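These notes are about the structure you will find just below.
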Number of protein chains: 2
Amino acid sequence: MKRPTINDVAALAGVSRATASRAMSDYGRISADTVERVKAAALELGYQPNAVAQSMRAGNTKTIGLVVIADFTNVFFDRATKGIVDAARDQGYEVIISNTDENIAIEREAINTLLQKQVDGLIVVPSTAAVHDHLSPTSRQNKPLVIIDRMVPGVNATSITTNDFESCEAAVKEAVAKGHKNLSFLIATSTIEGFDSEKPMLRNTTIEDRVNGFMNGVIDTKSKKAQWVYCSENPATAEAAVNHLLDSKAPPSIIFTSNNDMALAVLKVAGKRGLELGKDISLVTVDDSQWLEAISPGITVVERPVDEVARLAVEKLLEHINNKAKKPEKIVLPTRLISRGSVANLKAK
Amino acid sequence: MKRPTINDVAALAGVSRATASRAMSDYGRISADTVERVKAAALELGYQPNAVAQSMRAGNTKTIGLVVIADFTNVFFDRATKGIVDAARDQGYEVIISNTDENIAIEREAINTLLQKQVDGLIVVPSTAAVHDHLSPTSRQNKPLVIIDRMVPGVNATSITTNDFESCEAAVKEAVAKGHKNLSFLIATSTIEGFDSEKPMLRNTTIEDRVNGFMNGVIDTKSKKAQWVYCSENPATAEAAVNHLLDSKAPPSIIFTSNNDMALAVLKVAGKRGLELGKDISLVTVDDSQWLEAISPGITVVERPVDEVARLAVEKLLEHINNKAKKPEKIVLPTRLISRGSVANLKAK
DNA sequence: CTGAAAGCGCTAACAT
DNA sequence: ATGTTAGCGCTTTCAG
């Protein structure tokens, strides 16, 4: 009743298990006749090789570990996950997934567990740029590592990120060109409670990049009025922050949000206040989703090449695993501003 | 430069590797003194147990395989995946993910690979109810299996599904109560090309369940006019199907869609035609997302308890893995109709 | 309380 | 062309 092993196959075929192994993997010198007999025996027994034993012997598991945060308000990480799983499978690798919920302690533990399970490499979305001792070559047993979505300065590993700066800047410029003079920015960050106009420490380079892009847009366009609100990721707080903006003395005509959590808050508040999107209030966010395009008006967005990020992450990781890669690379992929109806053209009036 | 093994720890601590192993796992009779010395040695060397070797010995991997379809237009599978990964981790299990894109050949292969990797159990979203030889106890080496989202009649395994029938029926009744007399149904199915009003073979019980729920609603409310369109999952085709409905002699006042792909098509077409949702055209769909609630008007939806599905799937699977489970169960969880503004109240006029 | 030895299933040197 | 043997790293009898 137990799974057949290569020994059973060998016995049935009347050969030694070394021969059986050779026959199954088509290596070494072996007669076509034997191969056939062994394969027939394997088929008859329903033999399936035990990958754990193979890993034990070979010293590799053909498995990579993915440490990621799950986020259901944008499809970036979901699509990245799918992209990575699919790309890995194409190369004969499976993926073990860990979700960190952006918690560094969980991230640490996840990486540890993955290493104990002997993954051949790691793809990580680091929860913070501030702590990275657990990503050092020693901590990761010299296993290859590719960091995606965010950079972690100080870690000697390949990273695949996106150039959010430029498109965020472009978004501001476009809004100003359309006549928006009173701008506002709603930035999500887990480093504070509630919301505040003071810029706090930002935990990751991606958000920093977006903020800088927005900022530069403001400077370049010489916009006088620009309000900044940094806000915790809590939905209720986000709505409060939006209300705060709209209740200010000089309410903004447009809100740029750093992610879709914040954009949802804007939509909700707009709905409650009866404000029409793209008319009474304008909105720009980051990370495209199908629904952002489908609703009316569609929402203007900074789109990031998530499939490309995923594809490259696997490609680069495997290069390192197979020792074909030299030095770590810092790859930054371009983003794209997709203009839709959520930004009102104030000049047309 | 190599990872230290238990032998290295034993050597450093001056004990046999059997003793070292005992010390590390706190089992058997062993002096507190030795335990301390061994653990100190382990710490000094940065010893991490090799889970592959442990699996080899123990005959289990503390890993489960998840075979799922990725779908970015609704969060059901994404959230299920997260729920499963998190629940598994709580119990000390990791999850290897395979995406099938609803392709039976890939599903077969994925299950096979997972079994070769010696997962302790499988959670599967079967791509079709029609084929299931690969899910039989023999094909899966008698490894425990839990099927989610859809039932596969004929497979002897625990399944966790949702009762979409009732809420879909309720949705129709509510719409009729609001004065809708001309109903339409847009059902996604991968079993046909293009779209058609003839009911094709449906590949899974979940869609079947929704159709039956809608159908029963029509019957119960004695609605005379009801148009049915079965449509391939292609976005362009879906839009064409919506246009077809709206261009018919008696255009429906409401469209019930079987999933969010179809709902997006309705939104797009409505946008292009300048139809206002919840006024000129009404919409009900299945599977809630944050954006369905955030936009104005919100979209009425049949919500399924995805987190509960995930939690239960892991719970039941582990019961089977630990031999605590008796017979396979067919668990059906209740769904809920969430009414929002996308269904116009025609009687109020 | 601890050590020696066996063995999980596999493959690659090393024979023959 | 095939068989014998060793060993990947670990845990668990079995002895002592």
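Computed from a predicted structure; not experimentally measured. Numbers restart at 1 for each chain; the letters A, B, ... are given by sequence-line order, proteins then strands.
Under the rule for a salt bridge (Lys or Arg N to Asp or Glu O under 4.0 Å), D90(A) has no partner lying at least two apart in sequence or in another chain. In this view, N156(B) and P328(B) satisfy the side chain to side chain contact (heavy atoms under 4.5 Å, CB included) rule, not counting sequence neighbours. The salt bridge (Lys or Arg N to Asp or Glu O under 4.0 Å) test applied to R22(A) returns no partner, not counting sequence neighbours. The salt bridge (Lys or Arg N to Asp or Glu O under 4.0 Å) search around D149(A) returns R304(A), not counting sequence neighbours. Contacts of R17(A) classified as side chain to side chain contact (heavy atoms under 4.5 Å, CB included), with partners at least two apart in sequence or in another chain: I6(A), N7(A), A10(A). With sequence neighbours excluded, the residues satisfying salt bridge (Lys or Arg N to Asp or Glu O under 4.0 Å) with E308(B) are R311(B). Among residues two or more places apart in sequence or in another chain, the side-chain hydrogen bond (donor to acceptor under 3.5 Å, both in side chains) test is passed with S98(B) by none. Evaluation of the side chain to side chain contact (heavy atoms under 4.5 Å, CB included) rule for T128(A) yields I104(A), A130(A), V131(A), R203(A) as partners, not counting sequence neighbours.
Nucleotides of DNA chain C that come within less than 4.0 Å of any heavy atom of chain A span, from the 5' end to the 3' end, dG9(C) to dA13(C).
No donor-acceptor contact under 3.5 angstrom links the side chains of T63(B) and K117(B), judged on distance only.
Taking five base pairs at each end of the helix from dC1(C)-dG16(D) to dT16(C)-dA1(D), the local helix axes there meet at an angle of 50°, rounded to 10°.
As judged by a 4.0 angstrom heavy-atom cut-off over every strand, S55(A) is placed among residues making no nucleic acid contact.
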Show which side-chain atoms of residues 38-59 of chain A pair as donor or acceptor with protein atoms under 3.5 Å away, not counting sequence neighbours.
| from | atom 1 | to | atom 2 | distance (Å) |
| --- | --- | --- | --- | --- |
| K39(A) | NZ | D26(A) | OD2 | 3.4 |
| Q48(A) | NE2 | N112(B) | OD1 | 2.4 |
| Q48(A) | NE2 | Q116(B) | OE1 | 3.0 |
| N50(A) | OD1 | V52(A) | N | 2.8 |
| N50(A) | OD1 | A53(A) | N | 3.1 |
| S55(A) | OG | A51(A) | O | 2.9 |
| S55(A) | OG | N60(A) | O | 3.1 |

(request) Would you give a per-nucleotide map of nucleotides 8-16 of chain D, 5' to 3', where B means the base has a protein non-hydrogen atom under 4.0 Å away, S means only the sugar-phosphate does, and - means neither? (result) BBBBBB---
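Close to dA1(D), at under 4.0 Å from its OP1 or OP2, lies no side-chain N or O of T34(A).
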